[in-house]
Amino acid sequence: MSSKSLPLVFDAPKRGMPPRHLADLSGEQRRAAVAELGEKPFRARQLAQHYFGRLTSDVESMSDVPAASRQRLGQELLPTLLTTVHNLDTDEGWTRKTLWRAHDGTTLESVLMRYPDRATVCVSSQAGCGMACPFCATGQGGLQRNLSTAEIVDQVRLSAAMMRDGDLPGGPGRLSNVVFMGMGEPLANYRRVMEAVHRICDPAPEGLGLAQRSVTVSTVGLAPAIRRMTEEGLQVTLAVSLHAPDDELRDTLVPVNNRWKVEEVLDAARGYAEHTGRRVSVEYALIREMNDHPWRADLLGKLLHRRLGKFAHVNVIPLNPTPGSKWDASPKPVEREFVRRVREAGVSCTVRDTRGQEIAAACGQLAAENG
Ligand SMILES: C[S@@+](CC[C@H](N)C(=O)[O-])C[C@H]1O[C@@H](n2cnc3c(N)ncnc32)[C@H](O)[C@@H]1O
Ligand code: SF4
């Protein structure tokens, strides 16, 4: 057997960006790509209809595409990007974490959560993360690579297919929300993430047709990138992971704070809020005896009231345990007092549910380990 005919599985994994995919391209680029392959431009629309509309990338099922063209179009524009390594279900099946393997062997995770009134997928924007927040499992392994636009979109497409096929309890349903709160810092992979937002939100057949307001981009606080995002003219929700109202503590909890301080991050967030008219979600992982002091709750409330005013919403995330971490969630009475004090300052504040903890699928627990 020549090495050329060896099945792909014997090929050494090549770490790197995946081959080009339909979901990397805008409608115009898709038409150009199809034309380059010697096909009629309308084939681009047909492929997009199957991929975004029918949620399939199986070219053999695309009966309106001539058999002679299918293989070539499939190879060139719909290569397989993600294969399932395993699914782990919890919360009586209402939460599913999927471990995906990319073409180069890189692994990544996404988490699908079904609620009575909506279904949300938490997607990864990078394999690993370079931001090194000490309480986050993803941050401990460093950055492996950015995900491509299509690798991000494919997590959403495959989750939408799980919903449609009734893989979670409650029967067939619709994926309604996407949060960029999986592995990685979305604004450190800026261009690909913004393209992915377009593919996720553009109306069918150009995209998956979710509402921009149902998409949340969560950032550790890359101020220049928040300012850049403000210019995109999008209506997505911005979440800023603050975790401390004072630079002294935030420098430790969020190392990137050494570059962009609390005031600058909140300034950028305010710019986004004013431009879009959207509230900013300020994420606060509550850590026992670290950032849960009553005086810090008061300081946080005052600071947000002053800097973001009516645009501020605080989302308290009880710390999820991660392997080897010395930190713990705050006791419930401390958490309640913290929330009360933030509200007392006139800032809305809620506590996030901790879905998926048992299978390490909750915020900050994704490490994409095989097993
Ligand atoms: C994993 S991050 C991904 C998005 C982006 N990198 C960020 O930091 O906002 C999503 C959210 O999980 C939070 N998080 C990380 N580790 C956590 C942990 N162990 N417990 C609770 N929340 C955590 C982050 O602070 C952030 O608000
Ligand atoms: S919290 Fe976000 S930015 Fe920090 S290490 Fe985890 S994924 Fe990266």
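We number each residue from 1, following the sequence as shown. Ligands are counted one by one from 1 in listed order, and the atoms in each one are counted from 1 as well.
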Does a donor on one side chain sit under 3.5 Å from an acceptor on the other, for Gln144 and Thr106?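 Short answer, no.
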
Protein contact of [atom] - nearest heavy atom, named by residue and atom, plus distance:
atom: atom 11 (C) of ligand 1; result: Cys363 SG, 4.0 Å
atom: atom 10 (C) of ligand 1; result: Met181 O, 3.6 Å
atom: atom 8 (O) of ligand 1; result: Ser241 OG, 3.6 Å
atom: atom 1 (C) of ligand 1; result: Gly182 O, 3.5 Å
atom: atom 25 (O) of ligand 1; result: His243 NE2, 2.6 Å
atom: atom 6 (N) of ligand 1; result: Gly184 O, 3.0 Å

Do Asn177 and Ser214 pass the side-chain contact (heavy atoms from CB on, under 4.5 Å) test, and can you show the C-alpha distance, the side-chain angles, and the key distance before you say yes or no? CA-CA 5 Å; Asn177 296 68; Ser214 312; 3.8 Å; yes

Ser241 to ligand 2, any heavy atom closer than 4.0 Å: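 Checking ligand 2 against Ser241, which is what was asked, there is no heavy-atom contact under 4.0 Å.
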
Answer side chain, backbone, both or neither: which part of Cys133 comes under 4.0 Å from ligand 2, heavy atoms only. both

With a cut-off of 2.8 Å, does any N, O or S atom of Cys129 fall short of it relative to atom 8 (Fe) of ligand 2? yes

Check the angle between the aromatic planes of His243 and Tyr284 and answer parallel, tilted or perpendicular using the 30° and 60° thresholds.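 Rings of His243 and Tyr284: perpendicular, as their planes differ by over 60°.
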
Side chain to side chain donor-acceptor pair (under 3.5 Å) partner of Thr237, chosen from Arg278, His313, Arg279: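 The passing option is Arg278.
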
Does atom CD (Gln235) have a neighbourhood of more than 12 heavy atoms from anything else shown, all under 6.0 Å? yes

